[in-house]
Amino acid sequence: MSKKKGFIENLGRIYGFYTLGFLSFVVVMAVLEQLGVPNKVIGYLFIAMTICIYAVIGVLARTAQVSQYYVAGREVPPVFNGMATAADWMSGASFVGMAGSLYILGYDGLAFVVGWTGGYVLVAILLAPYLRKFGAYTVPDFLGSRYGGNAARLIGIVILFCCSFTYVTAQTYATGIITSRFLQIPFEWAVFIGLTGILVCSMLGGMRGVTWTQVAQYIVLIVAYMLPVVILSYQVTGVPIPQLMYGGVLEKITALEQSFGIEKMTVVPFTHYNPLNFFGLILCLMLGTASLPHILMRFFTTPSVKAARLSVGWALLFIFLLYFTAPAYATFAKYEIYANVIGSQITALPDWVELWSNVGLLTVNDANSDGILQYAELTINRDIVVLATPEIAGLPYVIAGLVAAGGLAAALSTADGLLLAIANAFSHDVYYRMVNPKADAETRLIVARVLLVVIAFGAAMLARTKPADILSMVAWAFSIAASGLFPALVLGIWWKRINSPGAISGMLVGFGVCLWYLVGTRYGVKIPWLFGEGGLSLWFGVGNISAGLFGIPAGFITMVVVSLLTKAPSADMQRFIDELRVPRGKSLAQNR
């Protein structure tokens, strides 16, 4: 039996021992807390463990083979690829921001849950099996081959960079929040600490190292997410099944809101988003999910076309576990704040209030000078709700450290995939395909690794400025990807008539319209020479997190019209697309 085959066959046992080891570490931390070890030391140990263990996996999975650096050798079984995909997908936005958004937005926050999970259905039906059968390394690789030339490839790279860099900045921002709070260091420096684990793993192991790291990260993040809310459910309702019990807690929240003299914001729909923005956001998130290059890259790692489809199914199951729990998490978090924090003496507030205030994401303002904390006097940023809930509820500090480790795992796993998507696109699609086709494997890997460092540093520098909250930055990335890439990907598989001029013009128009609207409505005031003194006004009242609502149809319409007005693709290409649509069989890459 070969060494590689033995490793694959023993994956269940390997990760079983890893899980037991991780749980044993948590128990040890709990014992240390009971023995009086300071909370700050426990926080340092959790962060150090999180980064070190992923770095070790990256070192053990290091590779100098191009195929394994880009696509993990196409050896990953579907269940583990689904777990890695779930970790790649459930970023800091899902772990840190999802429940926080439901806490702030109530019913309207479900747009994120529905949009993100619905997007995976599109991935399974429209894209994943066919891209795997196509046999490309990257999304720009598919665009360049399907549309016959470097023009489509180059535009795809530009779009990939814009959406992925926006996304990775959000993940870097999430790591900064976590490390700043639990290491008690300035946020501006904390953003660089999380990147250490990212770079060690992704630089040495590439997609191979990232894949096995992401499996480990999923185990950490799902345990860290589920355990606190299970404990809270048992404490509040007597039943440790939060997904089934939070309905009764919502009734208690409604009663407390009435006693505070505030409206019922949690269960009333369309309070923060009108129907156009609500359903528009769902559409952008769904199509964006099906367009993100770092997600689509995951299905190039499976051993077969059938395995790619199975991987999507497993990924949905693993994602479901967290998303099904997020509403319960938000509900119990809000109940704990209403019941245990509002109405307290401001001078007697617990230490966590000051610690999160130091990060700049929580404020207390004694507006009426009565010394009692009122509902309107506490402002909590959505990005700290999950991280702060264990402390708010008075749970042992080890639970807060565990949640921090889970949030860091979620942010690092997605950042790994994003940085690889960007670096691989530049090293493979620009350098190798367009600049130096004769480059050997060693040169290509050096280029990819240097780019990883440069891009990671750039993301950290931008994250230091706190450009927006995590979910807003992530939603922008989805709109950009959906507007620029989704029409070209879907029509490239399902419409034989689309040609190179149509695809190129459609990508440019869709991407351009989305970017114009996003930048103009968000930052237009700072660019008066381009957008006027007041910036760009909202079109039909649509928020910029749904900028794809204008870019997506613009891209589709342009592609169809231009393709019909220009010469059809060659007969060979149309026959190739017919063969590609059969979601089984061997990869077609060797035939191109």
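Computed from a predicted model, the values in this text were never measured in an experiment. Note that the numbering runs from 1 along the sequence shown for the chain.
Contact of the Ile399 side chain with the Pro396 side chain is registered, since non-hydrogen atoms from C-beta on lie closer than 4.5 Å. Tyr397 is not listed as a side-chain neighbour of Trp352, based on a closest heavy-atom distance of 4.5 Å or more. When side chains are defined from C-beta on, Asn340 does not count as touching Ile392, because their heavy atoms never get closer than 4.5 Å. In this structure the side chain of Thr289 never reaches within 4.5 angstrom of the side chain of Leu122, judged on heavy atoms. Side-chain contact between Ile337 and Leu378 is present, with at least one heavy-atom pair separated by less than 4.5 Å. Between Leu452 and Ile422 there is no side-chain heavy-atom pair separated by less than 4.5 Å. Looking at heavy atoms from C-beta onward, Phe112 lies out of side-chain contact with Leu102 at the 4.5 angstrom threshold. Between Tyr18 and Val215 the shortest side-chain heavy-atom distance does not fall below 4.5 Å.
Nearest heavy atom pair, residue Pro467 against residue Leu462, reads CD-O, 3.6 Å. In plain terms, the two heavy atoms of Val220 and Ala405 that are nearest each other are CG1-O, 3.9 Å. The two residues Leu349 and Ser344 make their nearest non-hydrogen contact at CD2-CB, 4.0 Å. Taking each heavy atom of Val114 and Met286 in turn, the nearest pair found is O-CG, 4.3 Å. The minimum heavy-atom distance linking Ile178 with Ala404 is given by the pair CG2-O, 3.6 Å. Taking each heavy atom of Ala477 and Cys163 in turn, the nearest pair found is CB-O, 3.3 Å.
A donor-acceptor contact shorter than 3.5 Å links the side chain of Ser233 to the backbone of Val239. Here the side chain of Thr175 pairs no donor or acceptor atom with the backbone of Leu408 at under 3.5 angstrom. Here the side chain of Asp383 pairs a donor or acceptor atom with the backbone of Ile470 at under 3.5 angstrom. A donor-acceptor contact shorter than 3.5 Å is absent between the side chain of Gln171 and the backbone of Thr414.
When each of Val386, Val403, Thr389 is tested with Pro228 by the rule side chain to side chain contact (heavy atoms under 4.5 Å, CB included), just one qualifies, namely Val403. Under the ring-ring contact (aromatic ring centres under 6.0 Å, His included) rule, Phe318 has a single partner from Phe80, Tyr218, Tyr225, which is Tyr218.
The 12-atom threshold is not exceeded at CH2 of Trp314, counting heavy atoms of other residues, nucleotides or ligands nearer than 6.0 Å. No more than 12 heavy atoms of other residues, nucleotides or ligands sit less than 6.0 Å from atom CD of Glu354.
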Task: Stepwise side chain to side chain contact (heavy atoms under 4.5 Å, CB included) test for Met90 and Phe95 - done: CA-CA 7 Å; Met90 289 190 299; Phe95 190 100; over 6 Å; no
- [ ] Give the intermediate values and the outcome of ring-ring contact (aromatic ring centres under 6.0 Å, His included) for residues Tyr329 and Tyr246.
- [x] CA-CA 9 Å; Tyr329 207 126; Tyr246 73 92; over 10 Å; no
TODO: Show the numbers, then the answer: is there a side chain to side chain contact (heavy atoms under 4.5 Å, CB included) between Trp212 and Leu11?
DONE: CA-CA 10 Å; Trp212 302 127; Leu11 279 173; 3.7 Å; yes
Task: Residues Ile177, Trp356; criterion side chain to side chain contact (heavy atoms under 4.5 Å, CB included); working and verdict - done: CA-CA 9 Å; Ile177 291 175; Trp356 282 112; 3.9 Å; yes
- [ ] Take Val26 and Met29 through the test side chain to side chain contact (heavy atoms under 4.5 Å, CB included) and record every step on the way to the result.
- [x] CA-CA 5 Å; Val26 175; Met29 292 298 100; 5.6 Å; no
Can you give each donor-acceptor pair under 3.5 Å made by side-chain atoms of residues 181-190, sequence neighbours left out, with the distance rounded to 0.1 Å?
from	atom 1	to	atom 2	distance (Å)
Arg181	NH2	Glu391	OE1	3.3
Arg181	NH2	Glu391	OE2	2.4

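Here the CE-CZ distance, from Met49 to Phe22, works out to 5.0 Å after rounding to the nearest 0.5 Å. Remark: Leu281 CG to Leu110 CG distance equals 11.5 Å, nearest 0.5 Å. Between Thr331 atom OG1 and Gln243 atom CD the span is 11.0 Å, to the nearest 0.5 Å.
The aromatic rings of His294 and Tyr167 sit perpendicular to each other, their planes meeting at more than 60°, with 30° as the lower class boundary. The aromatic rings of Tyr375 and Tyr338 sit perpendicular to each other, their planes meeting at more than 60°, with 30° as the lower class boundary.
At a cut-off of 3.5 Å, with distance as the only test, a side-chain donor of Tyr323 or Ser94 sits close to an acceptor on the other residue.
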